[in-house]
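What follows is a single structure, written as structure tokens, with notes after it.
Note that the numbering runs from 1 along the sequence shown for the chain.
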Amino acid sequence: MKKLETTIVHIGKDIELHTKDFKIAGEIIRGGGLVAFPTETVYGIGANALNEEALLKIYEAKGRPSDNPLIMHISNVEWLPRYVGDISDKALSLIEAFWPGPLTMVFNKSDLVPSVVTGGLKTVAIRMPKHPIAKAI
């Protein structure tokens, strides 16, 4: 079994003091690695949602079946049209009312989203977390 490198960073309440740590997390994600981070409801394991190899690492780390879709996180609602098909008026109303926050919404996926994210489905679950660490990463 391949030995994994692990870096642990403890982040307190003063998020601004940890800008370099968020840059490191971003480098890890861009390099195909995994990063654990808090959201409003749980700690998640994150990777580049467009990197199939990185996504397979999430399934392996969690012991999750590959037909169980992952949730894509976005940091800005302007990213949404890149990853989804139509965005209905009802969806826009929910986004306006509850994002950022602990609401995951399911949309028809765009061709940009790998099937590894969706467990082979034609839909993708997307969330825009409000947690400051999730947003910073």
Quiz item: Which residues satisfy the salt bridge (charged side-chain N to carboxylate O under 4.0 Å, His left out) test with Glu52, sequence neighbours excluded?
Solution: none
Quiz item: Which residue pairs satisfy the ring pair (Phe, Tyr, Trp, His ring centres under 6.0 Å) criterion with at least one member in residues 53-72, sequence neighbours excluded?
Solution: none
Quiz prompt | Nearest heavy-atom neighbours spanning Asn51 and Gly32 | solution = ND2-CA, 3.8 Å
Quiz item: Closest approach of Trp79 and Tyr83, non-hydrogen atoms and distance?
Solution: O-CD1, 3.5 Å
Practice problem: Could you check if a side-chain atom of Leu80 sits within less than 4.5 angstrom of a side-chain atom of Trp99, using non-hydrogen atoms only? | Solution: yes
Self-check item: Phe98: partners by side-chain contact (heavy atoms from CB on, under 4.5 Å), with sequence neighbours left out
Solution: Leu94, Leu103
Quiz item: For the hydrophobic clusters of this structure (ILVMFWY residues joined by side-chain heavy atoms under 4.5 Å, transitively), does one cluster hold both Leu50 and Ile28?
Solution: no
Exercise. Using the side chain to side chain contact (heavy atoms under 4.5 Å, CB included) rule, take Val35 and Phe22 through it: C-alpha gap first, then chi angles, then the decisive distance, then the call.
Key: CA-CA 10 Å; Val35 173; Phe22 297 127; over 6 Å; no
Throw together a table of side-chain donor-acceptor distances under 3.5 angstrom for residues 106-113, partners on residues two or more places apart or in other chains.
unit_1 : atom_1 : unit_2 : atom_2 : d
Lys109 : NZ     : Val113 : O      : 2.8
Ser110 : OG     : Arg82  : O      : 2.8
Ser110 : OG     : Leu112 : N      : 3.2

Practice problem: Among residues two or more places apart or on two chains, list those pairs meeting salt bridge (charged side-chain N to carboxylate O under 4.0 Å, His left out) that have a residue in residues 86-108. | Solution: none
Exercise. For residues 36-50, pull every pair meeting salt bridge (charged side-chain N to carboxylate O under 4.0 Å, His left out), keeping only residues two or more places apart or in separate chains.
Key: Glu40-Arg127
Quiz item: If you look only at pairs with a residue in residues 27-37, which of them pass as a salt bridge (charged side-chain N to carboxylate O under 4.0 Å, His left out), with sequence neighbours excluded?
Solution: none
Exercise. Could you tell me which non-hydrogen atom of Leu55 sits nearest to which non-hydrogen atom of Ala49, and how far apart they are?
Key: CD1-O, 3.4 Å
Quiz prompt | Member of Leu34, Ile24, Asn48 meeting the side chain to side chain contact (heavy atoms under 4.5 Å, CB included) criterion with Ile29 | solution = Asn48
Quiz item: Out of Ile45, Val117, Val116, which residue meets the side chain to side chain contact (heavy atoms under 4.5 Å, CB included) rule with Ile58?
Solution: Ile45
Determine all donor-acceptor pairs shorter than 3.5 Å in which one atom belongs to a side chain in residues 61-76; sequence neighbours excluded.
unit_1 : atom_1 : unit_2 : atom_2 : d
Arg64  : NE     : Asn68  : O      : 3.1
Arg64  : NH2    : Asn68  : OD1    : 3.1
Arg64  : NH2    : Pro69  : O      : 2.5
Asn76  : OD1    : Glu78  : N      : 2.8

Quiz prompt | Contact check, side chains of Tyr43 and Ile133, non-hydrogen atoms, under 4.5 Å | solution = no
